[in-house]
**Student:** 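First the structure, then my questions, so here it is.
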Amino acid sequence: MRKAFACLLILVGTCIIIYALMVLIKCFSLLSSTEFNSAGIGYSLGTLLGPLILLAIARWFIRKGVKVYKQETNIKKK
């Protein structure tokens, strides 16, 4: 059961990373297409901050999933 939970955490983390990367690509295309003024830069930086936070959360999910998976594997070996 814990292995399934670990795999679910890893899968959720991977999905969040894919979503965040798509948003980052959109942000960079938006930054290059907008005029170089304060409103465009502010909007792009605000759009950039969200996916970076999502990447940090996804990294935590993946690390937690790997940790749980390794603990479960070590318990089975003993």
Side-chain angles (χ1 to χ4, degrees):
M1 183 68 182
R2 290 182 57 95
K3 277 191 177 184
F5 178 66
C7 291
L8 180 68
L9 282 175
I10 293 170
L11 182 66
V12 167
T14 304
C15 291
I16 292 172
I17 285 177
I18 291 170
Y19 173 74
L21 288 176
M22 290 189 313
V23 172
L24 280 174
I25 290 171
K26 182 181 177 193
C27 174
F28 289 128
S29 67
L30 178 69
L31 181 62
S32 65
S33 68
T34 59
E35 297 177 9
F36 197 72
N37 57 17
S38 61
I41 292 172
Y43 181 74
S44 297
L45 289 177
T47 307
L48 182 66
L49 187 62
L52 293 178
I53 292 172
L54 280 176
L55 286 174
I57 292 170
R59 183 174 181 250
W60 181 82
F61 275 128
I62 291 172
R63 290 177 60 120
K64 186 71 171 175
V66 168
K67 183 179 177 183
V68 170
Y69 189 84
K70 283 184 178 179
Q71 284 177 351
E72 185 65 23
T73 304
N74 288 339
I75 290 173
K76 296 278 183 180
K77 285 183 180 178
K78 292 181 180 178

**Student:** Using every non-hydrogen atom in the two residues, find where Ala6 and Gly65 come nearest and quote the distance to one decimal.
**Tutor:** CB-O, 3.2 Å
**Student:** Who pairs with Ile25 by side chain to side chain contact (heavy atoms under 4.5 Å, CB included), at least two apart in sequence or on another chain?
**Tutor:**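 Scan of Ile25 (side chain to side chain contact (heavy atoms under 4.5 Å, CB included), adjacent residues dropped) gives none.
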**Student:** Linking I/L/V/M/F/W/Y whenever their side-chain heavy atoms sit closer than 4.5 Å, directly or via other members, would Ile53 and Ile17 fall into one cluster?
**Tutor:**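 No: no chain of side-chain contacts under 4.5 Å links Ile53 to Ile17.
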**Student:** Going by the rule side chain to side chain contact (heavy atoms under 4.5 Å, CB included), which residues pair with Arg63 if we only count those two or more places apart in sequence or in a different chain?
**Tutor:**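 Side chain to side chain contact (heavy atoms under 4.5 Å, CB included) list for Arg63, sorted by chain: Arg59.
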**Student:** Does a side-chain heavy-atom distance below 4.5 Å link Leu24 with Leu55?
**Tutor:** yes
**Student:** Grouping I, L, V, M, F, W and Y whenever their side-chain heavy atoms are under 4.5 Å apart, do Leu48 and Ile57 come out in a common cluster?
**Tutor:**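 In one cluster: no.
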**Student:** So, using side chain to side chain contact (heavy atoms under 4.5 Å, CB included) as the criterion, who are the partners of Leu9 when residues are at least two apart?
**Tutor:**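 Result, side chain to side chain contact (heavy atoms under 4.5 Å, CB included) vs Leu9: Phe5, Phe61, Lys64.
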**Student:** Could you tell me the separation between the CG atom of Leu49 and the CG atom of Leu54, rounded to the nearest 0.5 Å?
**Tutor:** 10.0 Å
**Student:** If hydrophobic clusters are built from ILVMFWY residues whose side chains come within less than 4.5 Å, do Leu21 and Leu11 share one?
**Tutor:**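 No, no single cluster joins them.
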**Student:** Shortest non-hydrogen contact from Gly13 to Ala58?
**Tutor:** O-CB, 3.4 Å
**Student:** Quick one: do Trp60 and Val12 end up in the same hydrophobic cluster if we chain Ile, Leu, Val, Met, Phe, Trp and Tyr together by side-chain heavy atoms under 4.5 Å apart?
**Tutor:**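 Result: yes, single cluster for both.
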**Student:** So, using side chain to side chain contact (heavy atoms under 4.5 Å, CB included) as the criterion, who are the partners of Lys3 when residues are at least two apart?
**Tutor:**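 Partners of Lys3 by the side chain to side chain contact (heavy atoms under 4.5 Å, CB included) criterion, ordered by chain and then number, come out as Tyr69, Glu72, Thr73.
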**Student:** Going hydrophobic residue to hydrophobic residue with side-chain gaps under 4.5 angstrom, can you get from Ile16 over to Leu8?
**Tutor:**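 Linked within one cluster.
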